[in-house]
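Shown next, in structure tokens, is the structure this report addresses.
Just so you know, these numbers come straight off a predicted model, no measurement behind them.
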Amino acid sequence: QRLPPKNVYYYRCPDHRKNYVMSFAFCFDREEDIYQFAYCYPYTYTRFQHYLDSLQKRNMDYFFREQLGQSVQQRHLDLLTITSP
């Protein structure tokens, strides 16, 4: 789930040579749970495959996709070749 914007802070920090710092406030309310944090929401394999399918259907001369093999989970391992149009 996403943190509310009011709990995320992005600012220039004088303690870090005025570089930008991102911090957030979060309450760990269940000791037995596992918590993971990411800068952006997860991009699923299925969503990525749909995106590659849509690119492939455009028949662009500079985009080529071929299957190299399969992963342990039987997912396609794609090789993408992108050149100048």
Side-chain angles (χ1 to χ4, degrees):
Q1 71 184 34
R2 290 186 179 208
L3 292 175
K6 67 179 183 174
N7 291 12
V8 179
Y9 311 96
Y10 188 66
Y11 57 94
R12 282 187 184 263
C13 181
D15 297 336
H16 296 281
R17 298 186 312 221
K18 295 188 179 180
N19 288 318
Y20 283 96
V21 172
M22 183 174 75
S23 62
F24 53 90
F26 183 81
C27 180
F28 296 92
D29 55 351
R30 289 190 233 158
E31 192 172 314
E32 67 279 359
D33 281 358
I34 295 173
Y35 295 90
Q36 297 178 346
F37 296 90
Y39 180 69
C40 61
Y41 62 93
Y43 198 82
T44 66
Y45 171 82
T46 303
R47 185 174 175 191
F48 183 57
Q49 288 299 308
H50 288 308
Y51 177 66
L52 292 179
D53 289 342
S54 72
L55 289 177
Q56 198 168 10
K57 288 177 185 173
R58 290 173 160 181
N59 292 323
M60 298 177 284
D61 294 338
Y62 53 90
F63 176 83
F64 186 70
R65 176 186 182 191
E66 58 186 307
Q67 185 177 340
L68 290 176
Q70 290 187 320
S71 71
V72 176
Q73 297 90 10
Q74 302 303 309
R75 296 178 178 179
H76 293 274
L77 298 175
D78 294 311
L79 170 65
L80 305 178
T81 304
I82 302 169
T83 60
S84 181

Under 3.5 Å, sequence neighbours excluded: what are the donor-acceptor pairs made by side chains of residues 15-27?
{"residue": "Asn19", "atom": "ND2", "partner": "His16", "partner atom": "O", "Å": "3.1"}
{"residue": "Tyr20", "atom": "OH", "partner": "Arg12", "partner atom": "NE", "Å": "3.3"}

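Hydrophobic cluster membership for Ile34: none, as no Ile, Leu, Val, Met, Phe, Trp or Tyr side chain comes under 4.5 Å of it.
We find the CG-CG distance between Leu77 and Leu68 to be 6.5 Å, quoted to the nearest 0.5 Å. One finds the CG atom of Leu80 at 8.5 Å from the CG atom of Leu55 (value rounded to the nearest 0.5 Å).
Taking Gln70 as the reference, Gln67, Gln74 meet the side-chain contact (heavy atoms from CB on, under 4.5 Å) condition, with sequence neighbours excluded. Under the side chain to side chain donor-acceptor pair (under 3.5 Å) criterion, Ser71 pairs with Gln73, not counting sequence neighbours. Partners of Arg30 by side chain to side chain donor-acceptor pair (under 3.5 Å), not counting sequence neighbours, listed by chain and number: Asp33. Checked against side chain to side chain donor-acceptor pair (under 3.5 Å), Asn7 has no partners two or more places apart in sequence or in another chain.
For residues 42-85, no pair satisfies ring pair (Phe, Tyr, Trp, His ring centres under 6.0 Å), with sequence neighbours left out. For residues 34-47, no residue pair satisfies the salt bridge (Lys or Arg N to Asp or Glu O under 4.0 Å) rule, not counting sequence neighbours. Screening residues 61-81 for salt bridge (Lys or Arg N to Asp or Glu O under 4.0 Å), with sequence neighbours left out, gives Asp53-Arg65, Arg65-Asp78.
Val8 and Phe37 fall within a single hydrophobic cluster, where Ile, Leu, Val, Met, Phe, Trp and Tyr are joined by side-chain heavy atoms under 4.5 Å apart, directly or via other members.
Summarising the local packing, CD of Glu31 is surrounded by 12 or fewer heavy atoms from other residues, nucleotides or ligands at distances under 6.0 Å.
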